Amino acid sequence: MNAQAHILLVAPTHYTVSYAINPWMQPERWLQDTAGFGAQARRSFNALSEALRAAGCRLTVIDGEPGLPDMVFPANAGIVLDGRLLLARFRHAERQGEEAPFARAFAALRVAGVLSEVATLPDGVFQEGAGDCLWDATRGLFWVGWGQRSNQASVKAVADYFGQPVVPLALITERSYHLDVCFCPLAGGEILYYPPALSVDSLARLRERVPAEQLIEATEDDLAHFSVNAVSVGRQVVMSRTTDRLRSVLTERGYQVREVDLSPFMMSGGGAFCMTLRLDRHSAAARHADPVVAVA
Ligand code: ARG
């Protein structure tokens with residue numbers, strides 16, 4: 001069994017949908033019932049927290065800030081491996097204000113001993129954190145999404161800072177504006193992904209590295225349920241309410257699917273994964289992670 005997963009969450013106290021920087025965002029709909037959606041968001045957040053705890057995770061919850069509603073998606077704030085954190089740089093002005101409060105929160109986590117180092121990206125690099133940079137514990141590499149929010153230069157920046165193998169994946173659609181919307185390495189080694197979101201070259205890179213029996217294709221319906229944006233911890237998968245199809249695919253593969261109604265966050269283009277930031281990922285655990293290996 002792995003060490004306990006440690007996850008950072010941001011409480012939705014200041015959450016709203018007040019602008020649109022991705023095609024899923026619905027600020028006009030939010031305006032129709034701000035109090036109702038706000039209350040629903042708090043209930044959804046509590047249900048997500050409970051599901052993560054039930055899946056065995058330790059949670060650290062920090063506060064967001066007024067005027068920065070998308071702080072509830074801490075996956076975009078940085079990339080963490082081996083206690084080292086690389087701070088994100090946001091593409092859109094609407095989210096750039098998050099950089100300072102997140103940097104303060106991570107500095108506090110360093111003082112608390114949760115992180116050992118907090119670093120900054122080189123000039124000219126846009127990189128939106130773990131939302132565009134997914135650690136694959138089975139293969140010991142980062143899948144790095146670029147082309148919508150993070151730029152191509154982020155691929156080298158991630159490789160240089162962490163010194164780990166990286167595989168770039170070009171995101172070619174606006175709906176999959178972050179890699180975690182369309183791509184999810186599961187703890188058992190499978191990759192759940194939505195093929196139309198990736199360029200032909202990127203699909204070839206993926207298929208070179210992952211055997212066909214470990215590739216699980218998501219449908220457009222799964223994508224719209226934000227089911228690919230899932231938190232995978234051991235045999236548990238936490239996600240927003242999913243499709244019958246995907247639930248049975250995952251169950252047949254031995255996963256326990258825990259579903260939460262995250263509709264108020266889907267109105268901002270987010271699901272379970274991007275509401276979390278894993279703080280405990282370790283490169284040494286790679287390849288010895290979840291697949292059960294018989295020791296002779
Ligand atoms: N409204 C947010 C944005 O457009 C949603 C971010 C969701 N994060 C993610 N990693 N998918 O930036």
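Everything numeric in this text was worked out from a predicted model, so none of it was measured. Ligands are counted one by one from 1 in listed order, and the atoms in each one are counted from 1 as well.
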Identity and distance of the protein heavy atom lying nearest atom 7 (C) of ligand 1: Y177 OH, 3.2 Å
N-O pairing of R84 and E117 below 4.0 Å: yes
Main-chain N/O of P264 paired to Y15 side chain as donor or acceptor, under 3.5 Å: yes
Protein heavy atom at shortest distance from atom 2 (C) of ligand 1: D70 OD2, 3.2 Å
Any N/O pair E128/ligand 1 closer than 3.5 Å: no
Atoms in ligand 1 flagged as close to V181, the criterion being non-hydrogen separation under 4.0 Å: 11 (N)
Within 6.0 Å of CD in E50, more than 12 heavy atoms from elsewhere: no
Per-residue contact class, D132 against ligand 1 - non-hydrogen pairs under 4.0 Å: neither
Contact partition for R95 relative to ligand 1, non-hydrogen atoms under 4.0 Å: side chain
Side chain D132, main chain L179, donor-acceptor under 3.5 Å: yes
Close aromatic pair by centroid cut-off 6.0 Å: F126 and F90: no
Distance from atom 8 (N) of ligand 1 to nearest protein heavy atom, with residue and atom: N76 OD1, 2.9 Å
W30 and its ring-ring contact (aromatic ring centres under 6.0 Å, His included) partner, picked from Y19, F37, F265: F37
Side-chain donor or acceptor of Q148 paired with backbone N/O of L171 under 3.5 Å: yes
Proximity to ligand 1 by part of A75, non-hydrogen separation under 4.0 Å: neither
Which of the ligand 1 atoms, numbered from 1, are nearer than 4.0 Å to a heavy atom of I21: 3 (C), 4 (O), 12 (O)
Donor-acceptor pair, side chain of T242 and main chain of R247, under 3.5 angstrom: no
Donor-acceptor pair, side chain of R258 and main chain of L52, under 3.5 angstrom: no
Taking atom 10 (N) of ligand 1 as the reference point, the nearest protein heavy atom with its distance: D180 OD2, 2.7 Å
Per-residue contact class, F273 against ligand 1 - non-hydrogen pairs under 4.0 Å: neither
Ligand 1 atoms in contact with C274 (distance to a heavy atom under 4.0 Å): 7 (C), 8 (N), 9 (C), 10 (N), 11 (N)
Contact atoms of ligand 1, heavy-atom distance to G131 under 4.0 Å: 10 (N)
Heavy-atom proximity to atom 4 (O) of ligand 1, best of E94, R91, M25, R149: R149
